[in-house]
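Since the structure is predicted, the reported quantities are computational estimates derived from the model, not experimental observations. First listed ligand is number 1; within each ligand, the first listed atom is number 1.
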Amino acid sequence: MKERLEALRDEAIAKIKEANEIKAVQDVRVSYLGKKGPITEVLRGMGKLSAEERPIVGQIANEVREAITAELEKKLTALEEAEIERKLAEEQIDVSLPGRPVARGTRHPLTAVVEEVEDTFLGLGFTVAEGPEVETDYYNFEALNLPKDHPARDMQDSFYFTEELLLRTHTSPVQARTMEKFEGKGPVKVIVPGKVFRRDDDDATHSHQFMQIEGLYVDHNVRMSDLKGVLEAFAKSFFGVDRRIRLRPSFFPFTEPSVEVDVSCGMCGGKGCRVCKNTGWIEVLGAGMVHPRVLEMSGFDPKKYSGFAFGMGVERLAMLKYDIDDIRHFYTNDVRFLSQFKRV
Ligand code: FA5
């Protein structure tokens, strides 16, 4: 029996050595050490042995099994390592090859304009404030001296959710919200960029959703000349020296006196074209001295404080700066349009 076991061991080891695939090695394991294998069969016949022979054969059988198992493990490890080596060689990566370029997006021109305007006003001592796009009737109108049924509410056709809640039609409600936070103590010096919404018909210069940047400066002795100086400084820095601006008397219920500011049209150089509706000018902002009623309603004493405010249309600024002939380009997301602003 001893010889038979040793012969089986040598046979199995020889087959393991011959095998050059993991599957073949596993087959040897099954056929020699498995339940139906010859070694198990030999062990089953041990019952017929004498009591003295049984432990000796048992020990030999264990040694044979261990020898075969050790050989199996050795071969499997060697084959697995060879497989890893083969894969590494096959899948070698040339790290020196140039990478595939990733198409990078660009800043939206409106974002670029907002950031540039913010930078200019931060340089003039303003800070940036924000307010909600869904606004109450109180802040959007009443706190700005536009009581319910005031005819000037028609100047801004609105999207209402309920009688008291609407999409803000301008960034001016943030004037009242900010002044309330200062609790009657100046100076207040903020600019407020944000989206606004109106039931306007879309055309080359109008959109039902657009952006505004509000400005508010409240302190002792703020005068109209301060407003003019700040707007001129802004226009020079934003448009450059070749563009002209003009102030026209106007009306807003929340400012007195009020003005509208136009910039000369860059598409036609002021001669008149489709964009400027043949006037040579494009209106970019409304402004004025904060109405004493508005100061009062937001907790400021109009006898001690005065202020100026303005609200500019961001799309109009961008159109003038980059000679864009239609406001709708900003909202149709045509990559050919947007990719022109790579360096902006
Ligand atoms: C206002 O919205 C006032 N709140 C501005 C203001 C603020 C006046 C503070 C005084 C003091 P107006 O409706 O004129 O005003 O709009 C201001 C600017 O928004 C306009 O000059 C224009 O540049 C832009 N604008 C107005 N309507 C549209 C529209 N439908 N599409 C694009 N831009 C618009």
Side-chain angles (χ1 to χ4, degrees), residues 110 113-114 117 126 129 131 135 139-141 143-146 152-159 166-179 188 190-218 222 224 226-228 230-231 234-235 238-239 245-263 265 275-277 279 281-291 293-295 298 306-321 324 326-331:
L110 295 181
V113 167
V114 169
V117 176
F126 286 73
E135 190 51 284
Y139 284 113
N140 198 78
F141 290 126
L144 297 171
N145 203 24
L146 275 149
R153 282 190 177 212
D154 290 347
M155 286 165 76
Q156 301 178 359
D157 221 347
S158 328
F159 292 110
L166 71 156
L167 286 172
R168 66 178 174 193
T169 53
H170 49 177
T171 42
S172 300
V174 191
Q175 284 186 32
R177 287 181 175 275
T178 309
M179 280 193 278
V188 183
V190 290
I191 56 159
V192 186
K195 278 194 208 111
V196 301
F197 310 83
R198 287 186 198 175
R199 288 164 62 112
D200 281 350
D201 288 331
D202 291 359
D203 62 23
T205 50
H206 291 83
S207 173
H208 59 280
Q209 180 208 298
F210 57 102
M211 291 190 78
Q212 285 189 337
I213 300 176
E214 192 81 8
L216 174 70
Y217 178 32
V218 177
V222 177
M224 189 80 181
D226 296 315
L227 170 65
K228 201 175 167 213
V230 164
L231 290 179
F234 162 72
F238 188 80
F239 293 112
I245 65 165
R246 72 176 184 189
L247 271 60
R248 279 182 289 113
S250 186
F251 169 77
F252 295 104
F254 32 92
T255 46
E256 182 59 40
S258 304
V259 289
E260 266 172 324
V261 179
D262 301 336
V263 177
C265 178
V275 177
C276 58
K277 302 203 168 75
T279 61
W281 297 93
I282 294 185
E283 173 210 319
V284 288
L285 63 90
M289 300 306 292
V290 181
H291 197 290
R293 281 280 298 140
V294 173
L295 288 172
S298 298
S306 56
F308 68 67
F310 56 83
M312 42 187 145
V314 176
E315 288 79 357
R316 303 265 177 97
L317 294 178
M319 288 172 81
L320 283 164
K321 191 169 170 95
I324 295 163
D326 199 314
I327 196 169
R328 289 163 287 205
H329 287 310
F330 294 117
Y331 294 107

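In this structure, Glu135 and Asn140 have side chains that are in contact, with non-hydrogen atoms separated by less than 4.5 Å. Inter-residue side-chain proximity for Met224 and Pro257 is flagged as met; some heavy-atom pair is nearer than 4.5 Å.
In this structure, a donor-acceptor pair under 3.5 Å is present between the side chains of Asp203 and His206. Side-chain atoms of His208 and Asp202 form a donor-acceptor pair, as typed in the model, at a separation below 3.5 Å.
With a heavy-atom cut-off of 4.0 Å, Thr205 touches ligand 1 through its backbone alone. By the criterion of a heavy-atom distance under 4.0 Å, the backbone of Phe310, and not its side chain, is placed next to ligand 1. With a 4.0 Å heavy-atom cut-off, ligand 1 is reached by the backbone of Ala287 but not by any atom from C-beta on. The part of Leu285 lying near ligand 1 is the backbone, judged by heavy-atom distances below 4.0 Å. Under 4.0 angstrom from ligand 1, there are no non-hydrogen atoms of His208. Contacts with ligand 1 closer than 4.0 Å are made by backbone heavy atoms (N, CA, C, O) of Val284 only, the side chain lying farther away. With a heavy-atom cut-off of 4.0 Å, Arg316 touches ligand 1 through its side chain alone. The parts of Glu283 lying near ligand 1 are both backbone and side chain, judged by heavy-atom distances below 4.0 Å. Looking at Gln175 against ligand 1, only its side chain comes within 4.0 Å, counting heavy atoms.
By the side-chain contact (heavy atoms from CB on, under 4.5 Å) test, Arg248 is found to be paired with Arg246, Glu260, Asp262, Glu283, residues two or more places apart in sequence or in another chain being considered. The side-chain hydrogen bond (donor to acceptor under 3.5 Å, both in side chains) test applied to Lys195 returns no partner, not counting sequence neighbours.
When the options Phe254, Phe252, Phe310, Tyr139 are evaluated for a ring pair (Phe, Tyr, Trp, His ring centres under 6.0 Å) with His170, the one that passes is Phe254.
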